[in-house]
Amino acid sequence: MRAFLGFVRKETLHLLRDRQTLAILILFPVVQVLICGFAVRTDVEDIAIAIVDPTPDIATNQLRERVATSDRFHLVEVVPGTQGLELEFRRGTIRQALVLPRDVERKLGRGDSLPVQLLTDGSDPNTGGIMQGYATAILQRWYRDAVPAGGPLRIEAETRLRYNPTLESAYLFVPGLIAFVLTIMSALMTAISITREKETGTMEMLLVSPIRPRAIVAGKVIPYIVLGFIGVVLVLVAARTVFGVPLQGSLLLLLAESGLYILTALALGIVISTRAPNQRAAMIAALAGLMMPTLLLSGFIFPLDSLPWPLQWLSSVVPARWFLTIVRGVMLKGAGLATLWQETLILIGMTMFLLAMGSRKLAIRLE
Amino acid sequence: MSEPAITARDLTRRFGSFTAVNAITFEVEQGEVFGFLGANGAGKTTAMRMLIGVLQPTSGSATVAGFDIKTQPERVRRRIGYMSQKFSLYEDLTVRENITLYGGIYGVSNQDIATRTGEILTRIGLEHAGNELVRDIPLGWKQQLAFSVALLHRPGVVFLDEPTSGVDPITRRRFWELIYETAAQGTTVLITTHYLDEAEYCRRISIMVDGAIAAMGTPTEVRQAVGAATLDDVFLKLTRPGAAA
């Protein structure tokens with residue numbers, strides 16, 4: 001036990017003495033939150049829009065007012081005809097155009113159908129879809145108010161987005177970032193620190209000594225568990241203070257699940273380190289084998305539903321996918337263990353499998 | 001003092017179809033300095049790795065410090081010291097921290113660690129540098145420090161795997177003085193080397209060729225048995241029969 005504590009102390013010293021790496025590891029979560037929050041926002045604002053209104057009247061004026069006063073839109077111009085729109089789209093001076101028919105007021109009064117054309121710049125499909133949604137919403141509200149009461153009965157869908165009512169992108173990326181930060185810190189750093197000892201020859205000294213391989217590995221990962229928790233807390237604090245991301249569920253549950261995921265990531269790091277001959281190989285393996293799936297196949301960047309089925313199938317072996325579901329559940333929906341037990345069990349299973357694999361390899365290395 | 005420190009009987013290790021160590025048999029007395037010589041790839045390191053309990057023999061048996069390496073590797077590990085050809089202290093820890101770490105791993109009491117740290121620093125002339133990072137001290141001292149750390153838990157047998165590669169002649173000389181001091185205190189030293197002049201410092205040597213022991217005895221005995229004037233000639237004759245006169 002004293003040998004083990006001495007070993008943990010040694011690992012902590014390694015970590016504290018390497019100031020640069022430590023600074024990067026501490027700053028990394030905060031910088032990630034800020035970059036994702038400010039730069040990678042998927043909310044669209046200030047959409048440059050043109051309205052084509054051949055015959056302006058009271059009704060179309062009301063619509064124009066609504067568009068002009070909305071935060072989402074920036075009304076560039078109101079023109080009588082569609083000629084010239086094409087050029088403006090190409091130049092980028094407008095990103096959306098609302099083409100109204102003639103005699104809007106009269107058609108509304110008679111209860112006629114009102115064919116409105118909505119042109120959207122689709123060169124960025126995600127943004128295009130969002131712009132279309134905003135424009136449709138504003139049109140519907142205007143139409144509802146403009147049609148005189150007592151008209152023909154219509155079905156109106158009152159839509160409301162639960163858990164993220166204003167579609168803030170911060171709500172989406174913060175859970176993903178927690179998974180990402182933990183994967184980097186835990187898996188990558190463990191893999192590197194174990195392979196470094198192989199490279200310098202100190203691992204051989206340790207293997208010759210009476211300390212058991214399992215104790216070596218356990219001693220190595222403890223400082224990174226602490227660092228991982230610090231990372232989670234930093235992300236949560238940054239997300240809350242800067243972007244106001246709420247925490248609906250239990251903080252304790254979130255931290256416990258993060259602890260579980262840290263173990264999963266550490267186990268991954270151990271498995272990598274038993275296979276990689278040196279630090280460089282470990283780094284490449286961790287980046288290609290862990291970071292990319294964590295970013296692309298976890299639902300962090302691309303929604304899982306939009307992936308082709310082979311990738312969806314593949315994503316189920318990516319631990320971050322399950323962890324992401326858990327974090328989103330706890331943070332945004334306030335879900336408890338009662339709903340998240342399946343994901344939790346999957347993570348526990350994966351961790352045990354990886355740890356067994358890692359320690360089996362360690363035993364074999366002793367030949 | 002009667003029981004040998006190391007005994008090996010037909011110790012063999014194969015990697016696939018390649019036989020790295022082929023049925024070697026030898027004994028090393030307590031307090032003896034025993035040299036393992038051979039060209040690169042002759043099987044010295046493989047033999048040593050079996051004796052320190054990190055590599056299982058394919059067949060044959062061996063005891064080290066009175067324990068069987070096959071059935072009691074844990075006990076063997078507690079009673080031996082080991083220094084590898086790679087420098088094996090932690091560069092980003094101080095001299096004292098390195099000593100304390102290894103002391104802890106080998107179960108040396110805190111009190112003993114404290115007194116032995118003082119002894120080590122005095123013996124190798126590093127009193128002033130105890131709190132310096134190992135990275136900042138000269139290579140010659142690092143090597144002596146690594147040797148002292150390998151002896152920290154007072155092992156009965158110490159294994160040195162090419163400990164003097166890459167150090168200057170003066171440091172090598174100093175290193176051998178340390179080895180003699182250690183042997184004089186009753187610790188058995190098994191050392192691999194490919195410096196033939198160092199072989200002359202050993203009480204007995206064994207020359208390995210292609211995994212087998214080609215000659216064994218005191219340096220004088222080996223020279224006479226092979227019929228060569230110097231160990232250089234012995235080595236050439238054994239490793240390249242027909243080439244040497």
Side-chain angles (χ1 to χ4, degrees), chain A residues 1-25 189 192-220 222-224 274 277-279 360-367, chain B residues 13-15 20 45-46 48-58 64 72-94 96-110 113 133-135 146 149-150 152-153 155 158-159 161-162:
Chain A
M1 195 58 205
R2 203 165 60 88
F4 180 68
L5 289 180
F7 202 76
V8 173
R9 180 165 167 270
K10 153 203 174 279
E11 287 302 328
T12 313
L13 286 175
H14 285 322
L15 196 60
L16 294 179
R17 296 255 158 93
D18 191 356
R19 289 283 158 84
Q20 277 181 335
T21 310
L22 188 65
I24 291 171
L25 288 178
M189 293 311 295
I192 286 180
S193 97
I194 294 179
T195 45
R196 182 169 51 212
E197 295 227 17
K198 277 205 232 174
E199 256 176 68
T200 54
T202 45
M203 186 57 96
E204 206 177 334
M205 289 293 287
L206 295 176
L207 290 178
V208 173
S209 80
I211 192 166
R212 286 167 189 280
R214 272 170 210 197
I216 298 176
V217 171
K220 281 205 154 294
I222 283 179
Y224 292 104
T274 55
N278 52 43
Q279 290 183 64
R360 206 177 64 105
K361 268 299 255 193
L362 269 175
I364 289 174
R365 210 177 41 182
L366 289 167
E367 289 157 295
Chain B
R13 172 71 201 203
R14 285 188 206 92
F15 295 103
T45 300
T46 307
M48 185 178 268
R49 289 175 63 82
M50 284 191 278
L51 294 176
I52 61 178
V54 292
L55 194 64
Q56 279 286 330
T58 312
V64 172
Q72 300 162 302
E74 306 284 328
R75 297 203 158 181
V76 169
R77 272 183 221 153
R78 290 205 167 273
R79 279 158 187 85
I80 60 168
Y82 171 68
M83 181 181 163
S84 76
Q85 48 193 335
K86 276 189 184 171
F87 176 70
S88 50
L89 297 175
Y90 292 96
E91 301 256 329
D92 55 347
L93 299 185
T94 67
R96 281 179 195 282
E97 284 165 351
N98 267 291
I99 297 175
T100 310
L101 172 70
Y102 280 108
I105 288 175
Y106 280 95
V108 181
S109 73
N110 285 334
I113 291 176
L133 295 185
V134 166
R135 148 185 331 134
V149 166
L152 188 69
H153 57 293
V158 61
F159 292 85
D161 191 6
E162 298 184 8

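Letters go in sequence order (proteins before strands), and every chain restarts at 1.
- Contact record, A/Pro210 with B/Tyr106: CD-CE2, 3.3 Å, taken as the closest heavy-atom pair.
- Note that OG1 of A/Thr202 is 9.5 Å distant from CG of B/Asn98, once rounded to the nearest 0.5 Å.
- Heavy atoms of A/Ser209 lying under 4.5 Å from chain B belong to its backbone as well as its side chain.
- Atom CD1 of A/Ile211 is separated from atom CZ of B/Arg77 by 11.5 Å, given to the nearest 0.5 angstrom.
- Annotation for B/Gly104 and A/Ala3: closest pair O-CB, 3.2 Å, computed over non-hydrogen atoms.
- By the 4.0 Å N-to-carboxylate-O rule, B/Glu91 lies too far from A/Arg17 to be salt-bridged with it.
- Using a 4.5 Å heavy-atom cutoff, the side chains of B/Thr94 and A/Leu13 are not in contact.
- Residue A/Lys10 comes nearest to B/Leu101 through the heavy atom pair CD-CD2, 3.4 Å, listed as atom of the first residue, atom of the second, then distance.
- Here A/Glu204 is the residue among A/Arg212, A/Arg9, A/Glu204 with the most heavy-atom pairs under 4.5 Å with chain B.
- Only the side chain of A/Leu206 comes within less than 4.5 Å of a heavy atom in chain B; its backbone stays farther off.
- Expressed to the nearest 0.5 Å, how far OG of B/Ser88 lies from CD of A/Glu197 amounts to 11.0 Å.
- Residues A/His14 and B/Leu93 are in side-chain contact: their nearest non-hydrogen atoms beyond the backbone lie under 4.5 Å apart.
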